[in-house]
Amino acid sequence: MPQTGPDLRDLVDRVARWSRRALAVAAVVAVVALAVCYWWFHPALNPGSPQVWTWACGICAVALAALSVAAARSSAHARALRRLMAVPGAVIVAFLLGLLLSQPFVPGNAERYASVLTTTDGVFAEDIEEVDYSEVPVIDRDSAVLLGNRAMGSIPEYVSQFEIADTYSQINYQGRPVRVSPLVYADFFKWLANREQGIPAYVLVDMVTQEAEVVRLESPIRYSDSEPLARNVDRYVQLSYPTYLFDQKSFELDESGTPWWVYPVQSKTIGLFGGTTIARVVLVNACTGETADYAVGECPTWVDRAYPSDLLIEQYNWSGAYSGGWLNSWLGQEGVVRTTPGTNGQLGYNYLAQGEDIYLYTGVTSVTADDSSVGFILVNQRTGESHFYSVAGATEASAMASAEGQLQNLRYTATYPLLLNVAGQPTYFVSLKDDAGLVKMFAMVNIEQYQSVATGATVEECQEAYLALLAADGLLSEGEAAEASGTVEVSGEVATIAQAVVDGNSHFYVTLAGDESGAIYDFALPGLLEIVTYQPGDAIAFRCAEKNEAAAAVTVTELL
């Protein structure tokens, strides 16, 4: 028999009640899923966040599709459904409009991009301190990684549970240029076994002495990248400051050796996504989770990297490209410059320690010429203060090629140059590494005359050869070269002579008869090969570094 009217109405009512319950359950599940996704992915709740807009536009696209299908199937509610489509449509239009207003071709935007980073002209010899060779970093990041791994290998109880993070931030620590990196849990199961105790140490590599140590902490690191849950430092700081749009963080030490995470906070100054700069800095104590929020101009002086390197390069390239307007950046290109590129498609820059701060250094070249530079910039990574120095000469890549060419038979590889002030001369300093990544020799290349290249087995030997080269080329007088070398002449009678091998290199150690200072003089081979002909009792004269009570031996730079 066919269903009666009341029976059909009961079935419809039951389906309606079931649908309402299903919708309620679906709504609860959706809210929980959204909350879990927010906690796990922790996007910045900021209109300048591309991640938030990606999510919003994706949801709106799905909503538009669903409303379109519903409107097509229900003619009775089609008008209302089409009106609802205006909401997700408006969100997508707002995104596209904000994206458009961020572009440099929009009238007025090119000038705004050009002024994000204010760069003033500087005087190299006045602004850049003359080099102190006891503070010159002689290794690059790759070498620091090798040294850190060696130091880690000496502590077997750590090796089995932890690895070294890939961070290796370069900072000024207690007046020394160093690279630091925290340990991380080796894998998920090591995290399970050690999470209660935390991470016990970090690695510190002295870039001058090439000494690496694993620094044990009284209070372990509990907030790090290797924490997968609530103590994951990115999740922790983003949920603590949900509206902040964070840039690339760095791992730093305060002057007492306490590890901190430094989070720059972005500010978008052009449209929704353009004109990125740094407005604030959030510090996170890696051990306790304590946070501190500072305006960028008020952060503590021990902080070295408030402005990320890649952002500073991008900001300067904006000013180099758009200072003459957007059309000029494409057509006439009058006065258009950019930072010099690095090797293997990477950005080209290095760091210079000055006082308490770290400065980003990179060369500047015309967009139409890659083999010569028009000058270079130094940007304070804590304050964002930027200076341009007009010094025409070789690019960093050309200097690296010149240094490698001096010793091409040894097939050494040059590190990215470091900028030095040597007797008022802007100079590239390059370390030369063998196939194992170990630093074997050093080179100095004059920026303005990059055919002037000097090499040496030690920094002091390289310096002496470079100053002699500058004097021979007429860039310095003999007196200026002698004054800049910081060396003294010593003569006497050989009392003792002994040979030793240090880091794979031969050294002869000499004492002089009647020398009340008791100094030991270090003759490094192969640069001072003539020392092998001397015996006790022979008269000898040489030039060496000034005696330093803290040094075990006095480095000899030249036999006379």
Side-chain angles (χ1 to χ4, degrees), residues 117-120 122 126-132 134-137 144 167-182 202-208 215 217 219 221 223 233 237 240-241 244 246-267 277-313 315-316 349-362 377-387 418-421:
L117 179 69
T118 301
T119 301
T120 59
E126 296 178 2
D127 294 353
I128 312 303
E129 301 171 0
E130 285 203 34
V131 59
D132 181 349
S134 65
E135 298 180 359
V136 174
T167 310
Y168 282 97
S169 303
Q170 181 171 332
I171 62 172
N172 250 9
Y173 176 57
Q174 297 181 348
R176 303 284 290 179
V178 302
R179 284 190 180 269
V180 291
S181 197
Y202 58 82
V203 171
L204 184 147
V205 181
D206 191 309
M207 300 183 68
V208 179
V215 180
L217 292 162
S219 177
I221 294 173
Y223 295 84
V233 67
V237 72
S240 298
Y241 299 88
Y244 280 8
F246 291 111
D247 208 306
Q248 182 182 7
K249 67 180 181 295
S250 62
F251 182 77
E252 299 197 26
L253 308 176
D254 63 20
E255 291 306 310
S256 65
T258 301
W260 292 78
W261 295 101
V262 178
Y263 279 84
V265 181
Q266 291 183 355
S267 173
T277 190
I278 301 302
R280 307 190 66 80
V281 177
V282 172
L283 307 181
V284 183
N285 188 307
C287 302
T288 66
E290 169 196 353
T291 65
D293 181 11
Y294 296 95
V296 69
E298 298 173 358
C299 64
T301 56
W302 60 261
V303 173
D304 289 318
R305 301 169 69 91
Y307 285 81
S309 303
D310 291 2
L311 177 61
L312 291 175
I313 295 291
Q315 288 180 342
Y316 185 80
Y349 56 82
N350 211 327
Y351 303 103
L352 180 67
Q354 289 272 95
E356 296 181 336
D357 295 318
I358 292 287
Y359 287 77
L360 177 137
Y361 152 78
T362 184
I377 58 169
L378 290 177
V379 189
N380 188 311
Q381 288 201 269
R382 179 172 58 86
T383 66
E385 180 183 0
S386 176
H387 296 286
L418 178 70
L419 177 70
L420 299 180
N421 177 356

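Predicted, not measured: the structure shown is a model, and the values here were computed from it.
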Per-pair distances, 0.1 Å, donor-acceptor, side chain in residues 377-385, under 3.5 Å, sequence neighbours excluded:
| from | atom 1 | to | atom 2 | distance (Å) |
| --- | --- | --- | --- | --- |
| Asn380 | OD1 | Arg382 | N | 2.8 |
| Asn380 | OD1 | Thr383 | N | 3.1 |
| Asn380 | ND2 | Asp357 | OD2 | 3.1 |
| Asn380 | ND2 | Tyr359 | OH | 3.4 |
| Gln381 | NE2 | Tyr307 | O | 2.9 |
| Gln381 | NE2 | Ser309 | OG | 3.1 |
| Arg382 | NE | Asp357 | OD1 | 2.9 |
| Arg382 | NH2 | Asp357 | OD1 | 3.3 |
| Arg382 | NH2 | Asp357 | OD2 | 3.3 |
| Thr383 | OG1 | Glu385 | N | 3.2 |
| Glu385 | OE2 | His387 | NE2 | 2.8 |

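- Other residues, nucleotides and ligands place no more than 12 heavy atoms under 6.0 Å from the CD atom of Glu356.
- With rounding to the nearest 0.5 Å, the separation of CD in Glu130 from CG in Leu420 is 11.0 Å.
- By the side chain to side chain contact (heavy atoms under 4.5 Å, CB included) test, Asn172 pairs with Pro177, Asp304, Ala353, Ile358, sequence neighbours left out.
- The closest side-chain heavy-atom distance from Lys249 to Val233 is below 4.5 Å.
- Closest approach of Asn285 and Thr258 over heavy atoms only: ND2-CG2, 3.8 Å.
- To the nearest 0.5 Å, atoms CD (Glu255) and OG1 (Thr301) are separated by 7.5 Å.
- Considering only heavy atoms from C-beta on, Tyr173 stays 4.5 Å or farther from Val180 through its side chain.
- The two residues Arg305 and Ser250 have their closest heavy-atom pair at CB-OG, 3.8 Å.
- Here Phe251 pairs with Trp261 under the ring pair (Phe, Tyr, Trp, His ring centres under 6.0 Å) rule; sequence neighbours left out.
- Within the model, atoms CD of Gln266 and OG1 of Thr277 stand 9.5 Å from one another, a figure rounded to the nearest 0.5 Å.
- Under the rule for a ring pair (Phe, Tyr, Trp, His ring centres under 6.0 Å), Tyr202 has no partner lying at least two apart in sequence or in another chain.
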Taking it one step at a time, do Asp310 and Asp247 satisfy side-chain contact (heavy atoms from CB on, under 4.5 Å)? CA-CA 10 Å; Asp310 291 2; Asp247 208 306; over 6 Å; no

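- Closest heavy-atom contact between Ser181 and Thr167: OG-N, 3.4 Å.
- The closest side-chain heavy-atom distance from Tyr168 to Val205 is below 4.5 Å.
- The aromatic rings of Trp260 and Trp302 sit tilted relative to each other, their planes meeting at an angle between 30° and 60°.
- Side-chain contact check for Leu283 versus Pro300: some heavy-atom pair is nearer than 4.5 Å.
- Rounding to the nearest 0.5 Å places CD1 of Ile313 at 5.0 Å from CG of Leu360.
- In terms of heavy atoms, Pro264 sits closest to Val262 at CD-O, 3.5 Å.
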Just distance, no hydrogens or angles: give the donor-acceptor pairs under 3.5 Å from side chains in residues 288-297, sequence neighbours left out.
| from | atom 1 | to | atom 2 | distance (Å) |
| --- | --- | --- | --- | --- |
| Thr288 | OG1 | Glu290 | N | 3.2 |
| Thr291 | OG1 | Tyr241 | OH | 3.1 |
| Asp293 | OD1 | Arg280 | NE | 3.0 |
| Asp293 | OD2 | Tyr244 | OH | 2.7 |
| Asp293 | OD2 | Arg280 | NE | 3.4 |

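- Annotation for Gly122 and Asp127: closest pair CA-OD2, 3.5 Å, computed over non-hydrogen atoms.
- When side chains are defined from C-beta on, Leu253 does not count as touching Val215, because their heavy atoms never get closer than 4.5 Å.
- With sequence neighbours excluded, the residues satisfying side chain to side chain contact (heavy atoms under 4.5 Å, CB included) with Asn350 are Tyr361, Tyr416, Leu418.
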